[in-house]
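Start at 1 with the first residue, then count along the sequence.
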Amino acid sequence: MIRIPPFRFPQLASVLLLSLSALVIGGCKPEAGTAPAPPASEKPPAESADRDEHSYAEPDKVVTEDLALDLALDFDARTIAGTATYTLQWKDPAATELVLDTRALTIDKVEGEAGGQWQPLQYALADADATLGSKLTIQAPDRNARIRVTYTTSPDASGLQWLTPEMTEGKKLPFMFSQSQQIHARSWVPLQDTPAIRYTYSAHVTSRPDVMVLMSADNDPAAQRDGDYTFKMPQKIPSYLMAIAAGDLVFKPISERSGIWAEPATIDRAVAEFADTEKMIATTEQLYGPYRWERYDLLILPPSFPYGGMENPRLSFITPTVIVGDKSLVSLVAHELAHSWSGNLVTFASAKHGWLNEGFTSYVENRIVESVYGKETSDMEFVIARNALKESIVSMPEPVQALAVKPGTLLDADDALSAVAYDKGAWFLQFLEQRFGREPFDAFLRGYFDHFAFQSITTEQFLAYAKEHLFDKYPGTVTDAEIQEWVYGPGIPASAPQVMSRNFGIVDSARLAWLGSAQLPPRQITDAWSTQEWLHFLDSLPATLTHEQMAQLDGAYHFTGTGNGEIAMRWYPLAVRSGYTEANAALSEFTARVGRRKLIMPIYDALVQTESGLALAKEIFAKARPGYHPITTGSVEKVIAEAKPAPAVDPAVAPVDEAAPATH
């Protein structure tokens with residue numbers, strides 16, 4: 001799943017719990033096919049307690065085995081047009097309908113293959129639901145083995161972003177990329193858009209000849225730009241791992257099986273930053289078995305990419321905001337790589353089981369970081385993540401504080417992206433590792449990945465497997481009550497193992513000494529601090545500082561204008577809350593240039609708390625909006641629309657909470 005790295009900010013919790021309805025673009029009007037078809041319902045049926053309520057698909061009746069795409073990219077119209085051909089397995093002998101998920105697609109025609117000929121089929125496109133899009137119901141009385149849909153995307157497709165040359169690093173060619181997770185694949189391909197269904201796919205894509213097209217498939221590092229590209233993904237994947245990108249892209253290798261795709265202006269910096277990728281792959285293979293996707297390449301996207309990374313098979317999409325020159329943020333790559341085992345190989349069956357992807361991946365990520373960069377680095381990252389989780393979880397509704405949402409509980413698809421899935425999930429696995437021992441637990445995980453390879457599963461399937469292969473194998477090591485509390489209970493269990501960081505002890509001492517004496521710590525101490533130590537320092541400061549304190553920190557450490565987005569997302573909200581307007585210009589430039597939600601939403605959250613801040617937020621958004629991804633645009637619109645700003649308070653007389661508890 002989408003990587004939210006271990007560096008969190010307390011205000012981010014509210015962003016992560018946004019309703020998807022605020023993030024998507026409305027669907028098109030109902031359309032008719034060759035003849036009227038029965039009306040399609042607006043909500044998926046709920047006859048199964050654990051069905052995927054975020055999809056109209058009916059996988060108990062028919063499933064897609066293979067998808068063949070024939071697509072044309074139109075940068076001028078900002079659309080993709082073409083055909084999607086489904087090879088189907090009819091599971092229910094009585095089923096005669098294929099139900100697909102769509103969002104804002106124009107359906108031109110639907111055909112079924114019979115006797116080697118394509119014949120028109122009746123279909124109906126339901127009214128658009130704000131969250132789910134439009135249900136496409138295709139009548140297939142002959143239960144066709146192959147069905148083909150001809151369609152065109154909307155220029156405002158929620159899963160696509162089209163950038164003008166000015167919005168790219170090189171400023172020469174346009175750029176386009178997809179973001180399918182959670183349920184945005186349906187905005188650029190009509191699909192059974194649920195992770196419960198896995199399929200192989202192939203694609204023929206045409207485009208303007210001066211851009212390189214890539215997909216989450218068998219990209220050829222030696223491919224030439226010619227406007228005509230073919231792809232094949234022989235391993236079965238869920239729909240959210242469908243991905244496409246096109247732009248001024250070049251390739252440089254890291255190893256025989258891994259390399260970087262990026263704009264020419266970015267490629268060398270990216271290769272240097274991510275030089276340890278092959279070492280990460282080999283480390284994970286030693287722990288959990290062979291890498292099963294052949295190549296592992298990274299695509300560095302423009303700064304408007306709304307997330308840190310996306311684990312598209314064979315081609316992880318990566319934000320350029322982690323290229324800071326010192327490899328301090330490359331745990332994001334470790335996370336996306338780890339998904340090649342936990343998520344891509346073994347997949348959650350629906351969003352309510354999101355921890356099976358993100359908790360496992362965050363745990364594996366930390367094991368990779370420990371092996372490649374040392375235990376102190378992995379400990380610092382664990383501490384940062386868990387401190388933020390402790391702060392954010394208390395404001396979450398109790399049902400979404402659980403790792404697995406119980407059957408029958410409604411859950412917005414994007415709630416699977418909360419810190420609970422990532423960090424409480426990883427914490428639970430570390431609890432199991434501590435109880436059973438690292439060697440037995442590693443063996444268990446390796447067997448788990450092998451057993452469920454290329455399958456989509458539920459929490460209950462995991463627990464059944466764990467009972468047989470771990471819990472019963474070592475009786476008395478954990479109790480059923482402990483497991484139930486971890487998986488289905490709210491909050492953080494008392495049995496959660498605690499991680500300490502030696503380096504953070506020094507940071508805490510320096511911070512407390514400065515708050516008490518106004519004397520900055522010696523340069524010989526702070527010059528050696530890593531990004532992680534600076535993040536802990538900023539996270540542990542009071543909610544507001546005096547203007548003098550802000551100026552002292554900024555003068556010494558030059559936080560304003562930093563090139564490190566993780567520092568920026570902490571410093572700029574602190575500056576806003578403290579009335580340190582000297583940061584406004586750099587804050588505005590950063591927030592307008594970067595579209596990564598994790599980095600900019602805390603800034604918008606802080607700005608909208610006052611009238612003057614809200615005015616600045618609106619000014620920034622008006623400038624930035626053309627370059628933001630639709631997902632980011634929806635997030636910012638929601639924060640601004642719901643703002644209830646308070647009158648400004650003079651920071652010179654505002655009390656400073658020097659006794660505010662540190663987040664450790």
Side-chain angles (χ1 to χ4, degrees), residues 30-68 83-103 105 107 109-114 118-127 129 131-149 151 182-183 185-186 189-201 236-240 242 347-353 407-408 410 413 454-458 460-461:
E31 295 179 6
T34 57
S41 64
E42 293 187 357
K43 291 285 184 182
E47 65 272 9
S48 170
D50 200 45
R51 72 166 290 117
D52 185 354
E53 67 264 30
H54 305 118
S55 171
Y56 293 113
E58 300 174 337
D60 54 329
K61 296 180 179 178
V62 57
V63 296
T64 303
E65 291 282 316
D66 180 77
L67 172 66
T83 62
T85 303
Y86 318 89
T87 299
L88 303 170
Q89 177 192 1
W90 293 90
K91 300 174 73 173
D92 182 346
T96 58
E97 289 182 348
L98 171 64
V99 177
L100 301 177
D101 297 297
T102 77
R103 177 181 295 134
L105 298 179
I107 307 300
K109 61 180 177 178
V110 179
E111 302 165 289
E113 188 181 42
W118 290 97
Q119 303 292 335
L121 296 178
Q122 298 178 13
Y123 67 94
L125 192 64
D127 289 340
D129 176 84
T131 299
L132 301 179
S134 300
K135 176 182 179 181
L136 176 61
T137 303
I138 299 169
Q139 299 299 318
D142 296 328
R143 297 159 56 85
N144 309 76
R146 292 208 302 164
I147 288 177
R148 182 169 67 195
V149 176
Y151 70 97
Q182 290 283 350
I183 56 173
R186 65 191 66 180
V189 184
L191 287 166
Q192 291 180 299
D193 194 13
T194 170
I197 296 173
R198 303 175 68 103
Y199 55 87
T200 57
Y201 83 86
K236 289 192 172 186
I237 63 166
S239 57
Y240 73 84
M242 290 277 295
T347 305
F348 63 164
S350 71
K352 64 178 59 177
H353 304 287
L410 292 178
F454 301 106
Q455 297 181 53
S456 299
I457 68 169
T458 65
E460 289 65 41
Q461 286 175 279

Modelled atom types, side-chain donor and acceptor of Q119 and E111, under 3.5 Å: no
D193 side chain to S55 side chain, donor-acceptor N/O pair below 3.5 angstrom: no
Side-chain contact, heavy-atom cut-off 4.5 Å: [X] with [Y]?
X	Y	result
L98	V110	no
T64	L88	yes
I138	Y86	no
H353	E460	yes
T85	T87	no
W118	E113	yes
Y56	S134	no
L132	R186	yes

Nearest 0.5 angstrom please: [X] [atom1] to [Y] [atom2], how far?
X	Y	atom1	atom2	answer
I237	Y199	CD1	OH	5.0 Å
S350	E53	OG	CD	6.0 Å
K91	E58	NZ	CD	12.5 Å

How far apart are the closest heavy atoms of [X] and [Y], and which atoms are they?
X	Y	answer
Q182	F348	OE1-CZ, 3.9 Å
A196	S456	CA-CB, 4.0 Å
P190	V149	CG-CG1, 4.0 Å
T194	S239	N-OG, 3.5 Å
K135	T137	CE-OG1, 3.5 Å

Which residues share a salt bridge (charged side-chain N to carboxylate O under 4.0 Å, His left out) with R198, sequence neighbours left out: none
Worked verdict on Y151 versus T102 for side chain to side chain contact (heavy atoms under 4.5 Å, CB included): CA-CA 10 Å; Y151 70 97; T102 77; over 6 Å; no
Under 3.5 Å: donor-acceptor pair, side chain of [X], backbone of [Y]:
X	Y	answer
Q192	I197	no
W90	R143	yes
R103	T131	yes

Partner set under side chain to side chain donor-acceptor pair (under 3.5 Å) for D66, not counting sequence neighbours: T200
Derivation of the side chain to side chain contact (heavy atoms under 4.5 Å, CB included) call for I147 and L121: CA-CA 9 Å; I147 288 177; L121 296 178; 4.0 Å; yes
Crowding at NZ, K236 (>12 non-hydrogen neighbours, <6.0 Å): yes
Test side chain to side chain contact (heavy atoms under 4.5 Å, CB included) applied to L136 and L105, step by step: CA-CA 10 Å; L136 176 61; L105 298 179; over 6 Å; no
Any residue meeting side chain to side chain contact (heavy atoms under 4.5 Å, CB included) with D92, in chain and number order, not counting sequence neighbours: K61, A94, A95
